[in-house]
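A short write-up of the structure that comes next.
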2 protein chains.
Amino acid sequence: MNIGQTAKQTGLPAKTIRYYEEIDLIAPHRDANGYRAFSEADLHKLTFLARARALGFTIEDCRTLLALWEDTTRASADVKRIAGEHLATIEQKLTELQAMHATLSTLVASCAGDDRPECPILDGLEPLT
Amino acid sequence: MNIGQTAKQTGLPAKTIRYYEEIDLIAPHRDANGYRAFSEADLHKLTFLARARALGFTIEDCRTLLALWEDTTRASADVKRIAGEHLATIEQKLTELQAMHATLSTLVASCAGDDRPECPILDGLEPLT
DNA sequence: CCTTGACCTTCCAGTAACAGGAACCCCTAT
DNA sequence: ATAGGGGTTCCTGTTACTGGAAGGTCAAGG
């Protein structure tokens, strides 16, 4: 299967698939004309990668997860550790974003948003002398 | 004031301050020896920038906000629009992160995390045939 | 006077994960 | 023969810095 069709099936842009090959996440065969030829296994991997990336795992996490996925003798603890660390990262980002949201939404709500210059948003960014 | 002291006062790394000068967010004077000399106004701006960045505004947003901040004839609507758009971005990221968190925490909770290979996390990333 | 150490300077490279675009090849249909 | 819609590689740019090398400056101590 060519890259265009593979992109459709996996939902990944062709550019991304080429990039994944470049960084050795996948290694599709080549046809005589130089076109990439994706196997079922390649599709499988790409779909796996697409899901892991959608869950926010880094590429390096994905590399490790992919290796564990293919190693049927893995210990689930290894997978759980990676996922757990990522979960902690997500939780931290959530906390930060929620704090930003609280502050910013208060500021935005308090701003008239008209043609006058008075602006509580800028005031909120102003150094408290 | 030299850059080291300025860094302490603003909480920004010296590297970051140099970078802000490079992209023309600030323009401190130079002493005869070539050292940057930060004025009170520079400190003010840097603190403003630090707060805006902490709220997640992009550098380009900061550039605009800084210009509005210094323009006493601004319309608060201009500020509110930028902040509102950023708020929407934050809300979208929050939604995405919450979805990731829900999925991933379920998967992590269901994984034994021992030395056996069975792993619901990997299963969850597996393409549904 | 010399050295040591803490500053400061510029410049170059690298980060994460691609996206955009140029220049060019391949295949099929008209 | 040509037009189009694939495909290929290679190079650059993105965001907001961070790390490090090579070297200038300054105050204090021996």
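A note on names: the letters A, B, ... follow the listed sequences, proteins ahead of strands, and every chain is numbered from 1.
Applying the side chain to side chain donor-acceptor pair (under 3.5 Å) definition to pairs two or more places apart or across chains, those involving residues 28-38 of chain B are Glu21(B)-Arg30(B), Glu21(B)-Arg36(B). Annotation: salt bridge (charged side-chain N to carboxylate O under 4.0 Å, His left out) contacts involving residues 52-61 of chain A, sequence neighbours excluded, comprise Glu60(A)-Arg63(A).
Counting non-hydrogen atoms under 4.0 angstrom, Arg53(B) reaches the backbone sugars and phosphates but no base. Using a 4.0 Å heavy-atom cutoff across all strands shown, Phe57(B) reaches no nucleic acid atom at all. Arg36(B) comes within 4.0 angstrom of sugar-phosphate atoms only, judged by non-hydrogen atoms across all strands, and of no base.
Phosphate proximity of dA17(C) to Tyr20(A): absent, as no side-chain N or O sits under 4.0 Å from OP1 or OP2.
Taking the side-chain contact (heavy atoms from CB on, under 4.5 Å) definition, one finds that Thr103(A) meets it with Leu107(A), Leu55(B), sequence neighbours left out. Under the ring pair (Phe, Tyr, Trp, His ring centres under 6.0 Å) criterion, Tyr20(A) pairs with no residue at all, not counting sequence neighbours. Evaluation of the side-chain contact (heavy atoms from CB on, under 4.5 Å) rule for Arg116(B) yields Ala112(B), Asp114(B), Glu118(B) as partners, not counting sequence neighbours. Asp71(B) meets the side-chain contact (heavy atoms from CB on, under 4.5 Å) test with Thr73(B), Arg74(B); sequence neighbours excluded.
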Distance-only criterion, 3.5 Å: show the donor-acceptor pairs between side-chain atoms of residues 93-102 of chain A and protein atoms not counting sequence neighbours.
unit_1, atom_1, unit_2, atom_2, d
Thr95(A), OG1, Glu91(A), O, 2.9
Glu96(A), OE2, Gln92(A), NE2, 3.4
His101(A), NE2, Glu91(B), OE2, 2.8

Measure all distances between protein nitrogen or oxygen atoms and nitrogen or oxygen atoms of nucleotides 22-27 of chain C, and list the pairs falling under 3.5 Å.
none

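The shortest heavy-atom contact between Ala75(A) and Asp115(B) is CB-CA, 3.6 Å. The two atoms that bring Leu49(A) and Cys62(A) nearest to each other are CD2-CB, 3.7 Å, heavy atoms only. The minimum heavy-atom distance between Leu66(B) and Phe48(B), with the atom names listed, is CD1-CD2, 3.5 Å. For the residue pair Gly84(B) and Val108(A), the shortest heavy atom distance occurs at N-CG2, 4.2 Å.
The pair Glu22(A)-Arg18(A) does not meet the salt-bridge criterion, since no charged nitrogen lies less than 4.0 angstrom from a carboxylate oxygen.
For the contact set between residues 1-8 of chain B and DNA chain D, defined by any heavy atom under 4.0 Å, there are no members. Near-neighbour residues of DNA chain C inside residues 85-101 of chain A, defined by a heavy atom below 4.0 Å, are absent.
The footprint of chain B on DNA chain D, defined by a heavy-atom cutoff below 4.0 Å, extends from dA16(D) to dC26(D).
The terminal axes of the helix from dC1(C)-dG30(D) to dT30(C)-dA1(D), fitted over 5 pairs per end, subtend an angle of 40° to the nearest 10°.
Ring orientation note: the planes of His44(A) and Trp69(A) are close to parallel, at an angle under 30° on the 30°/60° scale.
When the P atom of dG20(C) is taken as reference, atom CZ of Arg18(A) falls 13 Å away, rounded to whole Å. Following rounding to the nearest Å, Leu12(A) (CG) and dC18(C) (P) show an atom-to-atom distance of 8 Å.
At least one side-chain heavy atom of Leu46(A) sits under 4.5 Å from a side-chain heavy atom of Leu12(A).
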